[in-house]
Amino acid sequence: MCGIVGVTGTREAAKVLIEGLKRLEYRGYDSAGVAIVNAEGQVVVKEKGKISNLEADLNWSQLEGDCGIAHTRWATHGAPNKVNAHPHVSGDLAVVHNGIIENFGALKVQLAKKGHVFTSDTDSEVLTHLIDDFYDGDLVEAVQLALGVVHGAYGIAVTHKDFPEMIVGARKGSPLVVGIGDGVNYLASDVAAIMGHTRQVMYLDDGEMVTLTPQGVTTTTITNEDIIKEIQEITWDLGQIQKGGYEHFMLKEIFEQPQTIRDSFRGRILAESGDVKLGGIQLTDWELRNIRRIIILACGTSWHAGLVGEYLLEEYAHIPVEVEYASEFRYRSPIIEPGTLCLVISQSGETIDTLEAMREAKRKGAKILGITNVVGSTIARESEGGIYIHAGPEIGVASTKAFTSQVTILGLLTILLGRRTRLNADRGKQMLQELERVPDLVQMVLDHSDAIQEIAQVYAKHTNCLYLGRGLNFPIALEGALKLKEISYIHAEGYPAAEMKHGPIALIDPDMPVVVLAIKDGSYDKIVGNVQEVRARDGKIISIVTEGDTEIAALSDHVITIPDTMNFWTPLLSVIPLQLLAYHIAVLRGEDVDQPRNLAKAVTVE
Ligand code: G6P
């Protein structure tokens with residue numbers, strides 16, 4: 001949520017910043033801005049909307065200087081306009097800020113009394129004036145003093161005319177990563193911004209700050225104690241964050257799924273013993289056998305993956321599971337008993353609600369296992385044990401490939417836990433052999449993309465849509481509905497098919513498309529009944545069925561088939577047509593698929 005990038009030590013500072021902002025745009029796109037500092041002062045340019053608007057405004061010759069900071073914003077306080085855009089300026093100081101300063105109201109009053117004049121409605125501008133108020137020739141000290149009195153969350157980058165080569169960064173709650181180059185150093189909220197410039201990075205933890213100059217990088221705590229940070233290597237490639245010939249990142253990511261699912265299970269299958277190896281979980285066999293309860297914490301699409309995990313873990317590993325919205329869990333008094341394992345699922349590893357829920361569970365004594373995509377993210381670093389899903393960078397704001405990789409990992413974890421209790425080797429082997437077939441089966445579903453686009457043409461102008469599923473495919477109905485509403489702004493709801501009778505059936509008429517996940521499994525006969533109920537009320541039926549099914553096909557207006565697979569892995573196939581349907585509908589409606597309005601990729605504010 002919001003993106004920060006900073007660089008010092010290159011004549012091309014402005015170019016590096018704009019390029020970095022473009023790579024961070026998926027984190028927020030309400031406004032953007034850049035500040036270049038040089039011996040004569042600071043040049044600040046900002047604009048409402050996307051980076052392309054900012055770029056159109058730039059006079060590159062004015063932006064000469066070797067050091068600067070930039071920001072792309074997802075609005076929290078204050079409208080998404082030019083005045084509220086970052087960098088904010090006070091005197092000779094410029095600041096970009098991610099997060100929320102909770103006590104900004106009181107601070108603003110105090111600062112106004114001292115003569116500070118504010119031009120925006122933002123908490124970030126207050127922080128800028130506060131640092132400036134403390135400034136007395138020592139920029140690091142001014143930042144430390146200011147952060148000593150603010151409450152809330154921040155990732156900041158600060159520059160000052162008096163130090164034309166220096167950037168000061170600090171973090172509490174919002175991620176910051178330092179990139180170490182050769183005479184050029186970088187600061188960013190996300191490695192995507194600095195990829196291609198350096199592979200050597202340092203992740204700041206909460207309560208830490210950094211001072212960057214071309215000559216080097218110094219890290220301390222916000223209370224000024226020296227600290228030594230480990231330097232890590234980025235493994236993602238620049239190619240992975242480019243569109244590679246696809247019209248949108250989302251489409252690229254949907255089509256990457258045969259590969260990303262394979263990457264998620266690669267090296268983790270023990271074929272001989274029908275078992276699974278998950279290197280980072282940090283739990284002994286004894287601990288694995290003695291898990292009495294699992295709590296899954298997540299938000300958004302990751303929460304839907306958690307719901308699939310609930311079905312898998314309860315049925316095949318026989319462990320009771322609760323799936324919690326992280327935002328609710330953190331403000332309750334959750335009961336954590338001995339033997340409780342918390343699975344914390346987050347693509348970005350930075351979602352603030354998920355992170356805080358994890359911290360709460362940890363405090364209460366739960367064992368924590370983080371399931372994340374972004375290496376070095378806060379959840380990955382703070383969880384005791386972890387499993388990376390290895391889906392590669394996901395840029396499209398609507399999550400697709402991360403979801404199927406999360407489900408793959410939850411399947412592997414289920415087999416691992418099941419094999420320590422009731423699941424026998426033969427069954428484990430069958431499940432894992434089938435998983436190895438899944439990428440090819442996913443490809444077969446992707447091959448129906450054109451046919452799905454034709455269905456999309458029929459429904460692109462509708463205003464509502466209902467998604468129904470049962471069992472393992474109920475969370476897929478939720479996910480399908482979420483995809484559609486996120487990127488096409490069509491109102492969509494996912495429902496357990498049988499629950500339709502308790503309300504949504506009242507909505508069904510010839511204008512209501514109903515997407516039914518009617519996969520051949522234990523509840524197939526029941527779902528046939530549900531489809532008939534829709535049909536009887538003239539609803540339009542788009543059904544996702546197993547290849548060879550004719551019964552549901554005869555009742556449906558449109559049919560999309562998926563290959564037959566073991567029930568256990570079905571969600572990995574059944575979600576694909578729903579991702580494609582949402583994608584094609586959004587494109588036909590002319591919506592901004594990769595950057596839907598009001599959303600952000602990683603939500604780092606409450
Ligand atoms: C945002 C994104 C969603 C994502 C959710 C959770 O709302 O737009 O795509 O599912 O956050 O994100 P996480 O990174 O924790 O999985």
Side-chain angles (χ1 to χ4, degrees), residues 1-3 24-30 74 76 173-175 189-192 248-250 253-254 260 264 296-309 323-330 342-359 370-383 386-389 391-407 409-410 475-476 478-489 494 575 578-579 582-583 586 591-606:
M1 181 150 285
C2 303
L24 291 181
E25 196 167 30
Y26 69 103
R27 295 184 69 105
Y29 27 84
D30 288 334
W74 186 89
T76 58
S174 292
S189 51
D190 184 323
V191 286
H248 297 101
F249 280 111
M250 183 179 177
E253 287 158 9
I254 291 173
T260 49
S264 301
I296 297 180
L297 303 173
C299 300
T301 288
S302 299
W303 186 80
H304 294 156
L307 288 180
V308 175
V323 188
E324 301 264 6
Y325 285 112
S327 54
E328 289 297 315
F329 178 90
R330 59 181 288 209
C342 261
L343 297 183
V344 182
I345 308 177
S346 173
Q347 186 284 128
S348 62
E350 302 293 352
T351 302
I352 192 76
D353 283 324
T354 311
L355 174 62
E356 288 300 338
M358 174 180 94
R359 288 174 176 160
I371 300 179
T372 54
N373 189 32
V374 178
V375 176
S377 58
T378 311
I379 290 175
R381 284 179 296 124
E382 289 194 20
S383 46
I387 310 170
Y388 283 120
I389 64 171
E394 190 179 65
I395 308 290
V397 165
S399 182
T400 52
K401 64 176 181 171
F403 176 80
T404 45
S405 286
Q406 289 164 340
V407 170
I409 293 301
L410 288 162
I476 301 304
L478 294 179
E479 176 59 9
L482 179 64
K483 287 291 85 87
L484 188 68
K485 69 184 124 182
E486 278 179 316
I487 59 171
S488 72
Y489 320 138
V575 75
L578 306 193
Q579 296 171 343
Y583 171 79
E591 304 301 355
D592 190 343
V593 171
D594 284 332
Q595 294 173 348
R597 69 184 182 205
N598 305 339
L599 298 180
K601 183 75 187 152
V603 179
T604 52
V605 293
E606 282 188 55

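Any value given below was found using the heavy atoms of this structure, including those in side chains, with hydrogens, waters and symmetry copies removed. All ligand and atom numbering here is 1-based and tracks the order in the structure.
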Can you list the ligand 1 atoms lying under 4.0 Å from a non-hydrogen atom of Ser399? 9 (O)

Using a strict cut-off of 4.0 Å, indicate which atoms of ligand 1 neighbour a heavy atom of Ser346. 13 (P), 14 (O), 15 (O), 16 (O)

Would you check if [X] and [Y] make a side-chain contact, meaning some heavy-atom pair closer than 4.5 Å?
X	Y	value
Ile395	Asp594	no
Phe249	Thr400	no
Met250	Glu486	no

What I want to check is whether the side chains of Ser302 and Gln347 have a donor and an acceptor closer together than 3.5 Å. no

For [atom], what's the nearest protein heavy atom and its distance?
atom	value
atom 12 (O) of ligand 1	Thr351 OG1, 3.3 Å
atom 16 (O) of ligand 1	Ser302 OG, 2.5 Å
atom 1 (C) of ligand 1	Ala600 O, 3.6 Å
atom 6 (C) of ligand 1	Cys299 O, 3.4 Å
atom 11 (O) of ligand 1	Lys601 O, 3.9 Å
atom 7 (O) of ligand 1	Val603 CG2, 3.9 Å

With distance as the sole test, does Asn373 use its side chain to make a donor-acceptor pair with the main-chain N or O of Gly392 at under 3.5 Å? yes

For Ile487 against Ala398, the heavy-atom pair lying closest together: CG2-CB, 3.8 Å

Val397 to ligand 1, any heavy atom closer than 4.0 Å: yes

Ionic contact status for Lys401 with Glu394, cut-off 4.0 Å: no

Before accepting this row, confirm whether a basic side-chain N of the pair Asp353/Arg330 lies closer than 4.0 Å to the acidic partner's carboxylate O. yes

Regarding ligand 1, does Gln406 bring an N or O atom to under 3.5 Å of one of the ligand's N or O atoms? no

Consider every N or O of Thr301 and every N or O of ligand 1, then say whether any pair is closer than 3.5 Å. yes

Out of Ser348, Ala298, Ala402, Gly349, the nearest non-hydrogen contact to atom 14 (O) of ligand 1 is supplied by Ser348

